Amino acid sequence: MSFPWAKQYEPKHPLMQWFDQRLPLPRLVFNSVGPGYVVPRNLNYFWNFAVLAGFMLVEQIVTGIILAMHYAPAGDIAFQSVEHIMRDVNQGWMMRYLHANGASFFFIVTYIHIFRGLYYGSYKAPRELVWMLGVVILLLMMATAFMGYVLPWGQMSFWGAKVITGLFGAIPLVGEPIQTWLLGGFAPDNAALNRFFSLHFVLPFVIAGVVILHIWALHIPGSSNPTGVDIKTPQDTVPFHPFYTAKDGFGLFLFLIFFCAVTFFLPNYLGHADNYIPANPLATPAHIVPEWYFWPFYAILRAFTVDFILSAKLWGVLAMFAAILLLFFLPWIDRSPVRSGNYRPRFKQFFWILVLDVLVLGYVGGKPAEEPYVMISQLATIYYFAHFLIILPIVSKFEKTLPLPNSIAESVLHGEKKESAPYGIQAGGNAQAVPAE
Amino acid sequence: MATVEHTDGTAHAAASGPGAGPENVRRRDFINIAAVSFAGVGGLTVVYPLVNQMNPSADVLALASIEVDVAQIQAGQAIKTIFRKQPLFIRNLTPQEMQAANAVPVGELRDPQTLAERTKEGKTNWLVTMGVCTHLGCVPLGVAEGENKGEYGGYFCPCHGSHYDTAARIRKGPAPKNLEVPEYSFLSDTVLKIG
Amino acid sequence: MVRLIAILVGLGFVGVAAWSLLWGAIAYVSEPHEETAEHRFHLYPKKVSFASDGPLGHFDRQQLQRGFQVYKEVCAACHGLNLVAFRNLADLGYTEAEVKAIAAQWQIEVPSINEQTGEPATRKAIPADKFPNPYANEVAARAANNNAMPPDLSLITKARHDGPAYTYSLLTGYRDAATYRNEKGEALPAENRPGQGLYFNPYFPNLNLAMPPPITADGQVTYADGTPATRDQMAKDVSAFLTWTAEPFLENRNRTGWAVLVFLLIATVLSYMSYRNIWAGYKH
């Protein structure tokens, strides 16, 4: 946007000129995802996941609006209306399977996107707000996903709603009134189902709004890159279009292969069989688990088993929320001046332990609350909090980082001074040879 | 979806690329155009289920044809039943009513049709019509005993005063057409299949 | 400052979690860990294959018709199928007239009202009707079944892990509790033997269920297509039928899936070529 070397938008067609003078929408598109947005040339495939997450948000909104045309949010017919969608509505089964599996894949790409940010230090100055808005999106996504899972009104829907709203019951004094208020009753029923439907419908649009802020905040400093080194010369960059539109297009189709293979051939693999049993307030399923994308947090919730000043239940709830909320403070907890994990040997080791730790948390979170799973979840919880709150501040203070490349171009070209102009770039334009040293 | 459109700039700029001859440019552009077009075809295909889901679902279509037993309807009586969520009139005409209908010169009607054309051969006493006024869709009166049958002894629509005769043809008032006769057939002497 | 607070908060959570871990570990070591009878005697479903398995899965229409016959003659008296309509049976290869006859002759009638008095009544089913429930409500179902509720079977193969294999294993898995030995040769403890009105079946999660063995003898039904009705065959056929009731659009799903996948593979290759083409000669 404010890059001196960014191409200025000049509408060529008179109609576009007319339009652009009255509403600079063409300009906005050009500057945000068109040739006007300059991007480091060295982004790797992990940078595809932002676009994938954006695509999944749109996919979920489209399929969700369609499902809402056929779904009925009332306790006695919600389950049947979902089966009506599956059996009678034209291609309804496809819409519902896309939506249900879409939620899972939305979380898969978002989690990879988050871990990419963690590894490459994307949360560091000047992108703190980008990161914090991202955490807001994550929280909204979790709320939306949780409420969406309640809507089919199967056994897991009902008991999930009961257990998760029960978390608020852990708050001293006001806990129980809050739980009753959330549900509009003493247990999940019509009132809860209707309000969850309403909120589940509207929150994705709130997410879309925050996503716009997230992208806006990103476009001020511009995208980070795997070296973490700032853009210095035009040689460090390429225009977003056609370079990254092409790369993202390829990444999108590759991703869709996985998404569609699961949706069409294993549509219930990521779900839980019990949710095909209609909700029954009188019988709890043997083993209540949330959807897989909540398992790491569910494991943290269940890791606290002993009262210590506060009740174990309250510790679990606090820890679960803290596990996400601490991400807001990450830019100030990790003060290392080096962004990329590639140049932080100590940090890199701990990062991979964290990845493993979250996978372990996810695994035990999906298991029944029995030994040895509880002890494993306690160990993994200890590491999770230690990593973010103790290890990161200390490592960022004492770590000896590796030397950074002078520029992005240098890290890519390894000293080669000349290269041919790429497709779409005019010689003498962006790709002008600039001494790499 | 990220669609790669070519601006004017990119096309001839490629000429300065490595080994760029006119041949090479054409081949390179061809790949990009092919990729974008193919993705576009996919995008259009996706629209089909998104649109088709709004068509009537299988359970609605299953009720698109119904069977009605008319054994209980005496001559001069009529019933109102539901067909495709709309009222359906089935009337057992008396000989006088049939006579009255046949006496009208067809040429003078707004929507010229004979009683024979509006009923099945050999079953001209059974008049099956939709109970939907062809003016603006109100339900005409005249099915139940004592209801206003209009000036021509058939049906009368109270909304805007359309009068239908004993063959449910429009005779007076704003309606443009006769009451619609749905597709139907006799499965037996007393059982009708409608739709 | 933020870092200092972070470390303090971190120590708090780590400390409390460690405290929980300590007590858990002490309990784990000091209290003998005993496996429950369910753990020791419960069996996972047998390996069994169906035409509908996998991405190339399809339905064997003859088998579905046989399975429907088993459902009709053996299961339908107690288990409903209230998400499936008679009209859906056309998918099994029945003609319109056959579907109409099946609906009209169904042993349970559809709740209705008396046209004259408005009193509750029943009428013969028509193809547009869903399969009527065998019991008016849950209380009636429990009263008739020793306080057990026979579940509706429409979605049973999706509501259980490894659905069709589970129903097949359950139907063929009844054993004599007195003589049963698990793979370690252990006999069933006395407290896990079935009580009054319960039947031992190692494929059922808590080992004893209220459903008496439904398929008891070879030849219990006489198949119209002449297939020998062994117990194994009947259990398999009805499981195949219940796969269809849970996912009647399975073939459509697989077909659509392949079309989508072929499209995506071509699109991926084309977009990869386009990507390489645009980045050609440019290091990154």
Side-chain angles (χ1 to χ4, degrees), chain A residues 41-43 80 83 86-87 93-94 97 238 242-243 246-247 249-250 253-254 256-257 260-261 263-265 267-268 273-274 276-277 286 303-306 308 312 315 319 322 326 329 332-333 335 371-372 374-375 378-379 381-382 385-386 388-390 393 412-413 419-424 431, chain C residues 2-4 6-7 9-11 13-25 27-28 33 54-55 83-85 88 151-152 154-156 158-161 163 205 246-249 252-254 256-258 260-261 264-265 267-268 270-272 274-275 277-284:
Chain A
R41 62 191 283 176
N42 60 338
L43 302 189
Q80 277 91 331
E83 282 301 315
M86 296 291 276
R87 290 156 192 269
W93 58 269
M94 199 196 297
Y97 277 159
V238 289
F243 286 84
K247 191 174 182 178
F250 164 59
F253 284 120
L254 193 63
L256 283 177
I257 289 177
C260 290
T263 301
F264 286 98
F265 299 138
N268 295 304
D274 278 26
Y276 281 109
I277 303 171
F304 293 83
T305 50
V306 180
F308 181 80
W315 272 112
L326 61 81
F329 300 95
W332 297 277
I333 291 173
R335 296 311 295 267
E371 297 296 2
V374 178
M375 287 196 294
Q378 286 159 340
L379 271 176
T381 301
I382 289 172
F385 283 103
F388 282 109
L389 298 175
I390 302 171
V412 173
L413 298 175
E419 65 169 338
S420 51
Y423 183 68
Chain C
V2 175
R3 279 186 284 183
L4 197 67
I7 291 174
V9 172
L11 284 172
F13 280 116
V14 166
V16 179
W19 188 242
S20 289
L21 175 61
L22 181 70
W23 284 101
Y28 188 68
H33 185 64
L83 296 170
V84 183
N88 298 135
D152 187 271
S154 314
L155 282 169
I156 202 79
K158 269 153 88 175
R160 300 288 183 275
H161 283 288
E247 186 110 340
F249 45 85
N252 189 0
R253 171 164 68 72
N254 283 337
T256 313
W258 282 112
V260 168
L261 229 53
L264 286 175
L265 282 170
T268 306
L270 278 176
S271 59
Y272 181 71
S274 174
Y275 154 58
N277 179 9
I278 283 167
W279 283 80
Y282 210 57
K283 287 203 167 65
H284 58 285

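Order of the sequence lines sets the chain letters (A, B, ...), proteins ahead of strands, with each chain counted from 1. These figures come from a predicted structure and were not determined experimentally. As a basis for the values below, the full set of heavy atoms in this structure was taken, side chains included, without hydrogen atoms, waters or symmetry mates.
More than 12 heavy-atom neighbours from other residues, nucleotides or ligands sit within 6.0 angstrom of OH on A:Tyr97.
The aromatic rings of C:Phe13 and A:Phe385 sit parallel to each other, their planes meeting at less than 30°, with 60° as the upper class boundary.
If you take CE on A:Met375 and CG on C:Leu22, they are separated by 11.0 Å, rounding to the nearest 0.5 Å. For the atom pair CD1 of C:Ile278 and NZ of A:Lys247, the computed distance is 12.5 Å after rounding to the nearest 0.5 Å. To the nearest 0.5 Å, atoms CG (A:Leu256) and OG1 (C:Thr268) are separated by 8.0 Å. Note that NZ of C:Lys158 and CG of A:Asp274 are 14.5 Å apart. Values are rounded to the nearest 0.5 Å.
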From CA spacing to verdict: side chain to side chain contact (heavy atoms under 4.5 Å, CB included), A:Leu389, C:Ile7 | CA-CA 5 Å; A:Leu389 298 175; C:Ile7 291 174; over 6 Å; no
Kindly determine whether C:Trp279 and A:Phe250 satisfy ring-ring contact (aromatic ring centres under 6.0 Å, His included), including the steps that lead there. CA-CA 13 Å; C:Trp279 283 80; A:Phe250 164 59; over 10 Å; no
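Side chains of C:Asn254 and A:Phe264 form no contact here, defined as non-hydrogen atoms less than 4.5 Å apart. Between A:Val238 and C:Tyr282, the closest side-chain pair of non-hydrogen atoms falls below 4.5 Å. Between C:Leu261 and A:Phe265 the shortest side-chain heavy-atom distance falls below 4.5 Å.
Neither the backbone nor the side chain of C:Leu270 has a heavy atom closer than 4.5 Å to any heavy atom of chain A. Looking at A:Phe308, only its side chain comes within 4.5 Å of chain C, counting heavy atoms on both sides. Heavy atoms closer than 4.5 Å to chain A are found in both the backbone and the side chain of C:Val9. For C:Leu265, the parts lying near chain A are the backbone and the side chain together; criterion is any non-hydrogen pair under 4.5 Å. With a threshold of 4.5 angstrom between heavy atoms, A:Ala303 approaches chain C through N, CA, C or O but not through any side-chain atom. For C:Tyr28, the part lying under 4.5 angstrom from a heavy atom of chain A is the side chain only. Only the side chain of A:Met94 comes within contact range of chain C, with heavy atoms under 4.5 Å apart. Using a 4.5 Å cut-off between heavy atoms, C:Asp152 does not touch chain A at all.
Contact record, A:Ile390 with C:Gly10: CD1-C, 3.9 Å, taken as the closest heavy-atom pair.
Of all the listed residues (A:Ile277, A:Asn42, A:Thr381), the one sharing the greatest number of non-hydrogen pairs under 4.5 Å with chain C is A:Ile277. When the candidates C:Val2, C:Leu83, C:Asn88 are compared by the number of heavy-atom contacts under 4.5 Å with chain A, C:Leu83 comes out ahead. Among C:Pro248, C:Ala159, C:Ala25, the residue making the largest number of heavy-atom pairs under 4.5 Å with chain A is C:Ala159.
Residues passing the salt bridge (Lys or Arg N to Asp or Glu O under 4.0 Å) test with C:Arg253, sequence neighbours excluded: C:Glu247. For A:Trp332, there are no ring pair (Phe, Tyr, Trp, His ring centres under 6.0 Å) partners, not counting sequence neighbours.
With C:Phe249 as the aromatic partner, A:Arg87 does not meet the cation-pi criteria of under 6.0 angstrom to the ring centre and within 45 degrees of the ring axis.
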